[in-house]
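Scope of the values below: all heavy atoms of this structure, side chains included, with no hydrogens, waters or symmetry mates. Owing to the predicted nature of the structure, the values given are computational and were not obtained by experimental measurement. Note on naming: letters A, B, ... go to the chains in the order of the sequence lines (proteins, then strands), and numbering restarts at 1 for each one.
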Number of protein chains: 2
Amino acid sequence: MTARPKVPPGKRTNDPEGLRKRVLDVAEACFQARGYHASSLGDLMAAAGVTGGALHHHFPTKKALALAVIEERVAAAVEETWIAPVRAAGSAREAVRGVFEAVATELEQQGFVRGCPLNNLAHELSLADPDFRAALAGIFSAWRQAIADKVTADQHEGREQATDPQRFAALAVATYSGAMSIAKTMQDAGVLRDCLNALEQGASSASSSKGEAGTKRRRRVLRQYGTS
Amino acid sequence: MTARPKVPPGKRTNDPEGLRKRVLDVAEACFQARGYHASSLGDLMAAAGVTGGALHHHFPTKKALALAVIEERVAAAVEETWIAPVRAAGSAREAVRGVFEAVATELEQQGFVRGCPLNNLAHELSLADPDFRAALAGIFSAWRQAIADKVTADQHEGREQATDPQRFAALAVATYSGAMSIAKTMQDAGVLRDCLNALEQGASSASSSKGEAGTKRRRRVLRQYGTS
DNA sequence: TTTAAAACAGGATGACTGTCCTGTTTTGGA
DNA sequence: TCCAAAACAGGACAGTCATCCTGTTTTAAA
């Protein structure tokens, strides 16, 4: 699948950054789809088109590779999916709604659910190694803090006076994480919308539309498993 | 030649049910603490004190063993922790609060967080095998349905008229799952209380206590990793 | 007691995995 | 041009793993 440079015998081009990027791309996708322990370095080498020597040169151990994936890729994914949109949104509540809806729509278009990159690795690795746990915990903290900061900013503008920033942020992160977990297992992204609606119903006044509302639940059968 | 068969002086007593139970006990704990792929059958055999032949007799493959753990142990854990308390509670909201607080207290007493049995395995195995996914999805469904049924029962008694049962249930399950995921990674059960408070603040009227309130956040450093 | 099946013991096996090692090629600075 | 370090190639290696196999013991029914 991945384009592999042909090998005219005798000629070689060193591209350490490109090779490193290719390895991280493959590792990120493979760890995400199959998990850390189920992904062998042989699989990764084949998929990335790199040799054992090259892989070992950039990442001495499998743990080092996973740590790089966490710190560079997973953190970036959370930044892109959550933190940046939260900062750009008009309010914390709008941000939460926006991300939930955007992710739900994206998953419905894809037709299958791979799960949340952070939570996928967090479950498998948090108890396996203190370094893994520390790296993953840092991402959770930054994610939660970004939301809490947004609530605090809202409060400076006179809104959300009765909202505890830390608690609101915890609820948003937990609900999203859990909803993605359920969506992955059920292979149905609808639970994201269910959670969002329940969240907003509880916060705002009673909804005028009930039962017959615009969002109709839709069952989705997975097409296939992760063929990346 | 006095070909005397070596007689290991111990006599053997067949106890298929007991042996099976021991294996499941060990497998449940080990899958929970280290995950499925990180748990080798050799470890399990040693921990349970069974031989390879005995293990293979009861569980022909590792997958069969994991499936038994999911269907018998994980399902039972969800039943005990959530479904039974929900049925016994006075209302759905009381049930949710009760379980959150009970689990948070239990984790704080233990001093470390192993995570939710269902979510731990769901993340690692949902995409690995259709049989795993089906078994895990069934448990999620039963969990959610038990809460939704409770909301419906509340509605028959005149309460929760503005609450959508399925959505409320989805939110409860997702928030708990996500909170346990965060708690496991941070090794801090406080997020469970944060989520519960945010959940109830959104539903009930504004909380009078703010900031200085009775529940003070407490940082917990993990004592040790799972030494089962 | 006889007998067949279940329960258990314990090792063989072959495939796989992560790491390391030695050697070769490329690169950038002096 | 020269050279040291970085970048890469490719295989060796020692374990580990899940499964399977043959053989023995126990159990319960006949």
Side-chain angles (χ1 to χ4, degrees), chain A residues 2-27 30-31 33-69 124-125 128-129 131-132, chain B residues 3-27 30-31 34-69 124-125 128-129 131-132:
Chain A
T2 311
R4 190 172 0 174
K6 290 300 178 185
V7 50
K11 271 293 188 205
R12 199 184 75 197
T13 316
N14 284 1
D15 181 19
E17 295 170 10
L19 189 145
R20 189 186 139 93
K21 180 186 181 306
R22 254 187 304 154
V23 171
L24 283 177
D25 287 344
V26 167
C30 203
F31 289 166
R34 301 178 225 175
Y36 173 79
H37 286 103
S39 302
S40 77
L41 293 183
D43 293 340
L44 301 182
M45 283 161 49
V50 302
T51 64
L55 178 60
H56 183 261
H57 178 74
H58 290 273
F59 305 100
T61 64
K62 191 182 182 184
K63 171 181 171 178
L65 173 58
L67 228 34
V69 168
E124 190 178 2
L125 301 179
D129 187 288
D131 295 328
F132 284 148
Chain B
R4 188 101 54 93
K6 320 184 170 28
V7 178
K11 254 191 294 185
R12 176 157 64 88
T13 316
N14 284 1
D15 181 20
E17 295 170 11
L19 190 145
R20 188 186 140 93
K21 179 185 182 305
R22 256 187 301 152
V23 171
L24 283 177
D25 286 343
V26 167
C30 202
F31 289 165
R34 302 178 224 175
Y36 173 79
H37 286 103
S39 302
S40 78
L41 293 183
D43 294 340
L44 301 182
M45 284 161 49
V50 302
T51 63
L55 178 60
H56 181 263
H57 178 73
H58 288 274
F59 305 100
T61 65
K62 191 181 182 185
K63 172 180 170 178
L65 173 58
L67 227 34
V69 168
E124 190 178 2
L125 300 180
D129 187 288
D131 295 327
F132 285 148

Separation of L19(A) CG from T51(A) OG1 (nearest 0.5 Å)
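So the OG1 of T51(A) and the CG of L19(A) are separated by 7.5 Å.
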Atom pair CZ (F31(A)) and CG (L125(A)), whose distance is rounded to the nearest 0.5 Å:
8.5 Å
Tell me every residue that passes side-chain hydrogen bond (donor to acceptor under 3.5 Å, both in side chains) with K21(A), counting only those two or more places apart in sequence or in another chain.
D25(A)
Residues in side-chain hydrogen bond (donor to acceptor under 3.5 Å, both in side chains) contact with S40(B), at least two apart in sequence or another chain
D43(B)
Looking at side-chain heavy atoms only, is the closest gap between L44(B) and V23(B) below 4.5 Å?
no
Does L65(A) reach the side chain of L41(A), with side-chain heavy atoms less than 4.5 Å apart?
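Answer yes - side chains close enough.
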Take atom [atom1] of [X] and atom [atom2] of [N], then tell me their distance rounded to the nearest Å.
X      : N       : atom1 : atom2 : value
K62(B) : dT19(D) : NZ    : P     : 8 Å
M45(A) : dC20(C) : CE    : C1'   : 13 Å
H37(A) : dC16(C) : NE2   : C1'   : 15 Å
L44(B) : dC17(D) : CG    : P     : 10 Å
L41(A) : dC20(C) : CG    : P     : 12 Å
D43(B) : dA18(D) : CG    : C1'   : 13 Å

Collect all protein-nucleotide pairs involving nucleotides 28-30 of chain C in which both atoms are nitrogen or oxygen and the distance is under 3.5 Å.
none

Contacts of R20(B) meeting salt bridge (Lys or Arg N to Asp or Glu O under 4.0 Å) (sequence neighbours excluded), chain-then-number -> E72(B)
Expected output: side-chain E124(B) to main-chain H37(B) donor-acceptor under 3.5 Å:
yes
Phosphate oxygens OP1/OP2 of dC16(C): is one of them under 4.0 Å from a side-chain N or O of S40(A)?
no
Please tabulate, one pair per line, all N/O donor-acceptor pairs under 3.5 Å involving side-chain atoms of residues 52-62 of chain B, not counting sequence neighbours.
from: T61(B); atom 1: OG1; to: A64(B); atom 2: N; distance (Å): 3.1
from: K62(B); atom 1: NZ; to: Y36(B); atom 2: O; distance (Å): 3.0
from: K62(B); atom 1: NZ; to: S39(B); atom 2: O; distance (Å): 2.8

Quick check on DNA chain D: between H56(A) and Y36(B), whose nearest nucleotide comes earlier from the 5' end?
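Looking at DNA chain D, the more 5' nearest nucleotide goes with H56(A).
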Scan nucleotides 3-9 of chain D against the protein and return all N/O pairs shorter than 3.5 Å with their distances rounded to 0.1 Å.
from: dA7(D); atom 1: OP2; to: H57(A); atom 2: NE2; distance (Å): 2.7
from: dA7(D); atom 1: O5'; to: H57(A); atom 2: NE2; distance (Å): 3.4
from: dA7(D); atom 1: O4'; to: N14(A); atom 2: ND2; distance (Å): 3.4
from: dA7(D); atom 1: N3; to: R12(A); atom 2: NH2; distance (Å): 3.3
from: dC8(D); atom 1: OP1; to: D15(A); atom 2: N; distance (Å): 2.8
from: dC8(D); atom 1: OP1; to: P16(A); atom 2: N; distance (Å): 3.4
from: dC8(D); atom 1: OP2; to: H58(A); atom 2: NE2; distance (Å): 2.7
from: dA9(D); atom 1: OP2; to: T51(A); atom 2: OG1; distance (Å): 2.8

